[in-house]
Amino acid sequence: MLRESVTTIKGVGDKFAEALALANIYTVEDLLYYFPYRYDVFEIKPLNELIHDDKVTIEGRVIHDPSLSFYGKKKSRLTFTVETEGVAIKAVMFNRAFAKKQINADDTVTLTGKWDAHRLQITVSNYKKGPAEEQASIQPMYPLKGELTNIKLKKVVSAAIKEYINDVEEIIPEEYLKAYKIPDRKHAILAMHFPNDRQLLKHARRRFTYEEFLLFQLKMQLLRKIKRESTTGNAQHYDPSKTQEFIQSLPFTLTGAQTSSLNQILADMKSPYRMNRLLQGDVGSGKTAVAAICLCATISANRQGALMVPTEILAEQHYQSLCDMFGERASIVLLTGSVKGKKRREVTEAIKDHKVDIVVGTHALIQEDVVFANLGFAIVDEQHRFGVEQRRVLRSKGLHPDVLFMTATPIPRTLAITAFGDMDVSIIDEMPSGRKEIETFWTKENTFERVLNFIEKRVSFDEQAYVICPLIEESDKLDIQNTVDLFHQLQEFYSSEVQVGLMHGRLSAVEKEEVMNRFAKNEIQVLVSTTVVEVGVNVPNATVMVIYDAERFGLSQLHQLRGRVGRSDKQSYCILIADPKGEVGKERMKIMTETTNGFELSEQDLKLRGPGDFFGKKQSGLPEFKVADMIHDYKALETARADAQDIIESNKLENDVKYKGLQKLLENDSYMRKKLD
Ligand code: ADP
Ligand code: MG
């Protein structure tokens, strides 16, 4: 039985069982699924293809009996010469005096070890008398803990396989195995542990990659389904013709991606389920427009809408653009920290009395005194800037409102469908037409004057520029000083024809608003700013983004900043001023100059940082896969996701005996149990 203790395996005593326990191996099954983490390939190659310092395998004839010398305490060195391809190679073997008797002149031997190409010498770690059985052999390398060694593991795994392999049951229905040409579970396990056939090993790895993804996706989607069905919302009977009319009134036609995302959202609104959806789209892809249409729909159903954003500047700007889009069709209010006292009371009264259709605000709109008459649709922009609790509070402001989370931090598709597996995801992966690719340059600080001249030239064409100073913490006085210094420096550099503005988090809301307004009206041409303009700010006439000390930012932040330009049909530019010390820093700058596609960029970022780092360790909650790799195997992940969707939607788990194996596994899964408690 697979569920029995490892001690039932021949050769595994209590002591060895303890060692295995350290690696979380308790049962026979655990051991069968304890897969090698890599495979070393020993392949006999021609001498001229051997790489210095690599582990290599050679086959040759011993020219003379080995000579043995001792040194230190019980240390020995055995040396001999072998001939291969007519070349004499020196072989050195340490602390294996006993081999002297076994290796004799004229023997053919196969030696594996570290290759020294300069001295034509091999430091042998493994030898075998006789010729190599095959031209290549693949050695499984197991992850080791404590007392475990690779040799011991190989031995017990072999024993376990001998006794128990026939107990392994398939869980994936045969039609999938056939469709994907992947081996059954039993043969796949065999190939993982005895990897001598490369092709079989490859298929086995593909199988477990798929299996892991499928199980994971099934779990996530099952959870989502259960959540959906247990949290009924209200169907919103919006008026399609009013919604359509609103879309017609926009100064542009929606892109295909905007339309399909919108349709997904509207379908959710109509349904009695409570929507919990993530809308992803690169900066400038037009998420706000989609959000506005949803708000229009909710108003036509006689309900209220809320839009929560992370900064006052952004709230202000969204408020403005919503007012422009809606005109007389809606009553919209702004609720931020700067709306205080009597004014605030007036606003909150109006919200409570349903005299207001849409509230745009910062955290201020989730304070206790804000009570909605009938909140139907809540949007959280730049959702990653808010904590779980804040999002929950917003949701609780209405009776099961539909909630849309928006993010412009493109989360790699692979991560999105894993990390947000229990959320629905819509993706706007298309830019409005007519946009030109932003040209990105990376330069060192000593060219700063040239950069300033470049800005001046663009300004002479009636365009505008941002110059960003890194400010990691809003409270950092020194950084504020840097920004102010840079501001003065630029003021001095430019004649009065170029107006320079200053923006940072320490300015009051009124001051910020004034600066932004003047920039929007092109009264200010060059805006020196901290990253407060990072998210969402929309001044389409700005075409130059200069980022000072760019190495201090992460890739996604740089991408966000760059997204402040390229928002019209004019050619835009991004100039990164950076002198990164490390390789990763340099790589980042290079990637920035090579791609403007946010999704591609975030995939790269993910590769540089790893998934844990990408979300920050705590929030990640990402699963650890044994064989699968979310980044490299993303195609399999998408396949598994689609299959899981099909399985869940057509209730195959309960209704189709072929899915019993999967169902049983999910039923007993500890993660699922915990989540459903
Ligand atoms: P996001 O919030 O995704 O960064 P926005 O919604 O702010 O993007 O849109 C960026 C700019 O593109 C805005 O000026 C907006 O008016 C414009 N825009 C949005 N959708 C379209 C479209 N389909 N065609 C042309 N311009 C569009
Ligand atoms: Mg936006």
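All residue numbers in this chain count up from 1 along the given sequence. The shown structure was predicted, so the numbers you read here are calculated from the model rather than taken from an experiment. Indexing begins at 1, ligand by ligand and atom by atom, following the structure's order.
The salt bridge (Lys or Arg N to Asp or Glu O under 4.0 Å) search around Glu523 returns Arg518, not counting sequence neighbours.
An N or O contact shorter than 3.5 Å links Gly284 to ligand 1 by distance. Between Gly281 and ligand 1, no pair of N/O atoms sits closer than 3.5 Å.
Proximity to Leu254 (heavy-atom distance under 4.0 Å) selects the following atoms of ligand 1: 23 (N). Which parts of ligand 1 touch Ser285 is read off a 4.0 Å heavy-atom cut-off, strictly below it: atoms 3 (O), 8 (O).
A salt bridge links Asp369 and Arg344; the closest N-O separation between the charged side-chain nitrogens and carboxylate oxygens is under 4.0 Å. A salt bridge is absent between Lys436 and Asp569; no separation between the charged side-chain nitrogens and carboxylate oxygens falls under 4.0 Å.
At a heavy-atom distance under 4.0 Å, no atom of Met406 approaches ligand 1. When non-hydrogen atoms are compared, ligand 1 lies under 4.0 Å from the side chain of Asn538 (C-beta onward) but not from its backbone.
The shortest separation from a heavy atom of Arg435 to ligand 1 is under 4.0 Å, placing the residue in contact. Not a single heavy atom of Leu250 sits under 4.0 Å from any atom of ligand 1. Close to ligand 1: Asp282, with a non-hydrogen atom less than 4.0 angstrom away.
Across Tyr466, Phe553, Phe448, a single residue satisfies ring pair (Phe, Tyr, Trp, His ring centres under 6.0 Å) together with Tyr548, and that is Phe448.
No more than 12 heavy atoms of other residues, nucleotides or ligands sit less than 6.0 Å from atom CD of Glu497.
One side chain, Asp381 or His318, offers a donor N or O that lies under 3.5 Å from an acceptor on the other.
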List the atom pairs, with distances to 0.1 Å, where a side-chain N or O of residues 570-579 and a protein N or O form a donor-acceptor pair under 3.5 Å, not counting sequence neighbours.
from, atom 1, to, atom 2, distance (Å)
Lys570, NZ, Asn541, OD1, 2.7
Gln571, NE2, Glu437, O, 2.8
Ser572, OG, Gly566, N, 2.9

